[in-house]
Amino acid sequence: MAGIYIHIPFCKQACTYCDFHFSTNQKLRKPVIDALCLEIEMRQSEINEAPSTLYFGGGSPSILDSQQLNQIFRSLSNAFDLSALEEVTLESNPDDHTEEKLNLWKSLGINRLSIGIQSFIDRDLSLMNRAHNAKDAELCVQKAREAGFEKVTIDLIYGIPNQSEEEWKSNIQRAIDLNPEHISAYCLTVEEKTALYHQMEKGEISEKDDEVIEQEYLTLQCMLSESGYVHYEISNFGKPEHLATHNANYWKGLAYIGFGPSAHSFDGANKRSWNISNNAQYIKAVNSGGQFLDEEILRPEDRSNEQIMTGLRRSTGFDLDQFPKEHALMVQQNINAMDDQLKACIWQNESHVGIHPEKWLLADAVIREIMIDS
Amino acid sequence: MKHIRNFCIIAHIDHGKSTLADRLLQVTGTVSERDLKEQTLDDMDIERERGITIKSHAIQMDYKLNGEQYVLNLIDTPGHVDFSYEVSRAIAACEGALLLVDATQGIEAQTISNLYLAMEHDHVIIPVLNKMDLPSAMPEEVKDQMVELLGCERDEIISASGKTGEGVDALLAAIIDRIPAPKGDPNAPLQALIFDSVFNPFRGVIAYFRIMNGTLREKDLVKFYYTNKKYISEEIGVLRMKPEKKKEISAGNVGYIISGIKQAKEIKVGDTLTHFEKPCSEAIDGFENVKPMVFAGIFPVETDDFEELRDAMDKLQLNDASLTFEPESSAALGFGFRCGFLGMLHMEIVQERLEREFDMTVITTVPNVSYFATTTDQQRLVVNNPSDFPDPSRLESVEEPFINAQIITKSDYVGSVMNLCIEKRGALKNQVYLTSDRVEMSFEMPLAEIVFDFYDRLKSISKGYASFDYHPIGYHVSNLVKMDILLNGDQVDALSALIHKDNAFHLGKKICLKLKELIPRQQFEIAIQAGIGAKIVARETVKALRKDVTAKCYGGDISRKRKLLEKQKKGKKKMKQIGNVEIPQQAFLAVLKLD
């Protein structure tokens, strides 16, 4: 049941909103991949079951060339039994969907593409400094289909400044028309230390009002459910048989191991760890046998709070029966003490507690109330 | 007695008083090279860090001139206007004063008002031009100002530098030559002026005095004139770098007394110390009961910490007799204290000492001054708290304290200073050009107006080139109203303020806007209203929360995200709940921070 995550911290260019770990300087690509393969070899004993999911994230994993991807797959198959893999996902950018790359990915056993379309409008794409254009966005899914990919998920962003309500609706409609198995839609979030943050500070771009964003979110929910997509997590929609497995395992608290700079791991019980998020330091630490990760041992109350946090973002909610008795009691007390407006956001069904999907935008407010004191 | 000289130093903040004092201590051999640290006389960390003197200090130095041995008593005084009464008592204990002026800055308002105090006491003034080592010194120009102000001769001015030691010997000689020896009869009944006191956790209160007449001996039975309490002088002595015990101290000298007094408030600065039997026939002039000028509520952030706060306040009062407080309860903030302070700096210091010395985080409410309200049945009430303000229907008139504000600035800024003071309900009373470039202006204005952001704004409009001092001049009738703040219809007592009626609309709008900025969105709409009686003068709305979520939550960041939410949850607990609205602490001082 375990999952493997590979972080590829390189991009052609920097999207203005992104605060994940990446570099646009390709000089360290080879040494990072060498170190990543070494890390796979060193940590292979941490998983003693055949992994069921493999996920290439970034950064932009679609930037890798054939040799680099082959090298990583070789290391993986040397270290792990890959015969049980069901879902092998690669995050790709529409501008990387060349016939050559698509065929390469297919031949390596990648069976699911997560395509960062974000918008079908050139103005939005250049505002966010994406590397592709509207035409790439329109064609990328079809190209993937032609190369034989049966599972495709696409990313959309809402809350984009200057985008009208009509434009948002047309973005959703075009996504539906491409008929992907799965759609992830994220709200544009202004993170500190990003270009977008500075643009907003300077007043060059202004953030959309919460009321507008809420409306965009409700429109999205409505249009996608009419088209047969299940809203199973705050940002994720899928055709009933095609909900994401790898990501869902994060939320369910299953074990995963992450390789590469800034990748995170969880042993499925009480230990989380994360690698250095600096390419040069990562290379140095891995090659010299130094410490390249930090770890944290979770206390039972930390685990309970994690379950509350991830559970309340999912349609299934969290299950109080999974909690230690005293935690379940505290959670119930917190729920009872919530004010009426917040209480109206949640549902409770025997031991399960969740947030009504139309109230998911208030998830953090609800989570703060329900979490137990740590 | 003819070999004693008692003097103080008059200087504006930052004009180098403490550095020059350090240099005097060093040259007279009072402090060894090894023990010398910056601002030797200032004991409190807060004094050193801020470069200000809060308490008066005294130090005795020996100096030999022309074969004769002299005893020099320096009384170091606070510089800030909040402590002007203490300054006046310290001045009363001396025969002379050094008027210290920064050669790069020139004369400031504070200097002038303290100088006038010294002149009223017939002090000999020794003009000193300090910081002569700095390249930006403008000695000729500043000398012009000093000659003009003092009517002294140019060559009486001593050029010095506390930093390099230049002029320090000349200064010591001038102190001996120009300042007269004290007068007084060592055989007359004891008459000693108390000019300050400090609290020592082991010895109790140590009072500093200057003997005018008579002789004080160890184990004497003594009393204080105004409090009329009797004590035994357990220990007396003079203040060197460390206290030095003496068997007796006579007229003209400065010293300390320890007499088993446990609390600072038992000793009043300005009181007269005399013998219990055979007391002096009259007290020394100038005693006043120090009255607080500014009042504010202090509340613990956690309601449960009230007893701890009481304990901390009691301890603070042991060595700060000018701090007054009484219990107060607020619907919004729970139990706390209504405190009286000498001024805004004093208030800041108390708050800082609570945090620093007692680890108490407190909420301070909007400060106000003390008003008199006359009711329709002709009762005259003291109002130190907006909540004590009588209902408009039974209010006949209100009086508020006025001050005479002296401002010295460059002529370029006269217009902006004028505008500010007029906006603050000031009336120009006098305007004098000290030199072609420096103007002294006097305004009559309500004390309440300088409590709100006056000093900061004065500094900013004058780019720092304005100094300011004030003196209370009594109460005038004013058209004041009580403005209440309501959140979703619930009045927040801790946010009420007494303001001039003409400002009500304008100020109400500003406060509502500021609160809108500070109060986070909640699950429901929040109406912020400013009202006078039943009339609403301003309204703002905090819209209901529509979105409170981070949409991205990849596998990796689960720990970080959980910790963030847990931290936010803790932060929420620190907010004060009024009705169903949560208010962050800083909102309670919002009125002070209006733009």
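Fair warning: this is a prediction, and the values are worked out from it, not measured in the lab. So you know, we letter chains A, B, ... as the sequences are listed, proteins then strands, and number each from 1.
- Shown are A:D210, A:D364, A:D209, A:V212; of these, the side-chain contact (heavy atoms from CB on, under 4.5 Å) with B:K547 is made only by A:D210.
- B:F524 CZ: more than 12 foreign heavy atoms inside a 6.0 Å radius.
- By number of non-hydrogen pairs under 4.5 angstrom with chain B, the leading residue of A:N305, A:I372, A:L361, A:L188 is A:L361.
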TODO: Walk me through it: do A:I234 and B:V549 pass the test side-chain contact (heavy atoms from CB on, under 4.5 Å)?
DONE: CA-CA 10 Å; A:I234 184 163; B:V549 70; 3.4 Å; yes
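- By the 6.0 Å contact criterion, NZ on B:K567 is open, its count of non-hydrogen atoms from other residues, nucleotides or ligands being 12 or less.
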TODO: Report the C-alpha distance between B:K569 and A:D373 in whole Å, list the side-chain angles of each, state the deciding distance to 0.1 Å, and finish with yes or no for side-chain contact (heavy atoms from CB on, under 4.5 Å).
DONE: CA-CA 8 Å; B:K569 184 183 174 99; A:D373 286 326; 3.4 Å; yes
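- Contacts of A:I367 with chain B are made by side-chain atoms alone, with heavy-atom separations under 4.5 Å and no backbone atom involved.
- Around atom CG of B:D391, more than 12 heavy atoms belonging to other residues, nucleotides or ligands sit under 6.0 Å away.
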Open item on the list: Show, in sequence, the C-alpha distance, side-chain angles and deciding distance for B:Q522 and A:D339, and conclude whether the side-chain contact (heavy atoms from CB on, under 4.5 Å) test is met.
Closed with: CA-CA 11 Å; B:Q522 280 153 55; A:D339 73 49; over 6 Å; no
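- Between the CZ atom of A:R313 and the NZ atom of B:K561 there is a distance of 5.0 Å, given to the nearest 0.5 Å.
- Applying the side chain to side chain donor-acceptor pair (under 3.5 Å) test to A:K359 and every residue at least two apart in sequence or in another chain returns nothing.
- Both the backbone and the side chain of A:E306 come within less than 4.5 Å of a heavy atom in chain B.
- The distance from atom CD1 of B:I558 to atom CD of A:Q307, rounded to the nearest 0.5 Å, is 10.5 Å.
- To the nearest 0.5 Å, the span separating CE on A:M309 from CG on B:L564 amounts to 9.5 Å.
- The contact between A:L298 and chain B is made entirely by side chain atoms (from C-beta outward), counting heavy-atom distances below 4.5 Å.
- For the pair A:H264 and B:R560, the minimum side-chain heavy-atom distance is 4.5 Å or more.
- A distance of 5.5 Å separates OG of B:S559 from CZ of A:R272, quoted to the nearest 0.5 Å.
- Residues that satisfy the ring-ring contact (aromatic ring centres under 6.0 Å, His included) test with A:F292, not counting sequence neighbours, are absent from this structure.
- One finds the CG atom of B:N580 at 7.5 Å from the CD atom of A:Q341 (value rounded to the nearest 0.5 Å).
- B:R546 has its side chain within reach of A:E211: a pair of non-hydrogen atoms, C-beta onward, lies under 4.5 Å apart.
- Counting heavy-atom neighbours within 6.0 Å of A:K343 NZ, excluding the residue itself, gives a total above 12.
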